[in-house]
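Here it is, the structure in full.
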Amino acid sequence: MKATITSIELRGPFKFFALSATALKILKQLRATNYKDFKKKGVWTTHYTMTLWNTEEELREFAHSGVHLEAMKNSGKIAKEIRTITIDAEALPNWSEAKKLLEKGKVWKF
């Protein structure tokens, strides 16, 4: 199985409203897939998600379609930085481990 861990650092606290509106649509898209597990966490301007998938193909199909794809295209409008990493895993890690893994992840700065 594959786990994707993502962090987003917002440009400022008021960008939370735009993030929330988009996140609700992305969650609706996620619920229509065959994902295995999902966790989210965030405060102020830093937010995290973790998603567990059966295959990398399922993960990519979700990430590169629909509302999620549009959010990725427009992420520079609300984010200063996004980090992501995909790992082999049978279960989602705890938050402490996830944050350490993100230090080795791919980084986009806007």
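Atom set for the values below is all heavy atoms of this structure, side chains included, hydrogens, waters and symmetry mates excluded.
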Connected via hydrophobic side-chain network under 4.5 Å: V67 and I8: no

Nearest-0.5 Å distance, CG of residue L101 to OG of residue S7: 11.5 Å

Show every ring-ring contact (aromatic ring centres under 6.0 Å, His included) that has at least one partner inside residues 9-46, sequence neighbours left out. F16-H47

Could you check whether R60 pairs with E57 (Lys NZ or Arg NE/NH1/NH2 to Asp/Glu carboxylate O, under 4.0 Å)? no

Name the atoms and distances for all side-chain donor-acceptor pairs under 3.5 Å in residues 78-94, with sequence neighbours left out.
{"residue": "K80", "atom": "NZ", "partner": "E9", "partner atom": "OE2", "Å": "3.3"}
{"residue": "E81", "atom": "OE1", "partner": "K109", "partner atom": "NZ", "Å": "2.6"}
{"residue": "E81", "atom": "OE2", "partner": "R83", "partner atom": "NE", "Å": "2.7"}
{"residue": "T84", "atom": "OG1", "partner": "I5", "partner atom": "O", "Å": "3.2"}
{"residue": "T84", "atom": "OG1", "partner": "T6", "partner atom": "OG1", "Å": "3.3"}
{"residue": "T86", "atom": "OG1", "partner": "T4", "partner atom": "OG1", "Å": "3.1"}
{"residue": "D88", "atom": "OD1", "partner": "K2", "partner atom": "NZ", "Å": "2.6"}
{"residue": "N94", "atom": "OD1", "partner": "S96", "partner atom": "N", "Å": "3.1"}
{"residue": "N94", "atom": "OD1", "partner": "E97", "partner atom": "N", "Å": "2.7"}

If a pair satisfies ring-ring contact (aromatic ring centres under 6.0 Å, His included) and one of its residues is in residues 64-94, list it, with sequence neighbours excluded. F62-H68

Gap between atom OG1 of T22 and atom NZ of K77 - 0.5 Å precision: 10.0 Å

The single option from K41, K39, K40 passing side chain to side chain contact (heavy atoms under 4.5 Å, CB included) against M50: K39

Applying a strict under-4.5 Å side-chain criterion to I, L, V, M, F, W and Y, I'd like to know whether L102 and L52 cluster together. yes

K104: what forms a salt bridge (Lys or Arg N to Asp or Glu O under 4.0 Å) with it, not counting sequence neighbours? none

Grouping I, L, V, M, F, W and Y whenever their side-chain heavy atoms are under 4.5 Å apart, do Y48 and L10 come out in a common cluster? no

Got a sec, which residues hit salt bridge (Lys or Arg N to Asp or Glu O under 4.0 Å) with E58, two or more places apart in sequence or on another chain? none

For R11, the salt bridge (Lys or Arg N to Asp or Glu O under 4.0 Å) test, sequence neighbours excluded, returns none

Apply the test side-chain contact (heavy atoms from CB on, under 4.5 Å) to residues K73 and E70: give CA-CA distance (whole Å), side-chain angles for both, the deciding distance (0.1 Å), then the verdict. CA-CA 5 Å; K73 289 178 182 178; E70 288 304 310; 3.6 Å; yes

Apply side-chain contact (heavy atoms from CB on, under 4.5 Å) to residues K36 and N54 and explain how you reach the verdict. CA-CA 7 Å; K36 290 296 172 194; N54 286 310; 3.0 Å; yes

Run S65 and Q29 through side-chain contact (heavy atoms from CB on, under 4.5 Å) and show every step you take. CA-CA 9 Å; S65 66; Q29 179 185 346; 3.3 Å; yes

Shortest non-hydrogen contact between F110 and S75, atoms and distance: CZ-OG, 3.4 Å

Taking all atoms of both residues into account, what is the closest heavy-atom pair of P13 and T45, and its distance? N-CG2, 3.6 Å

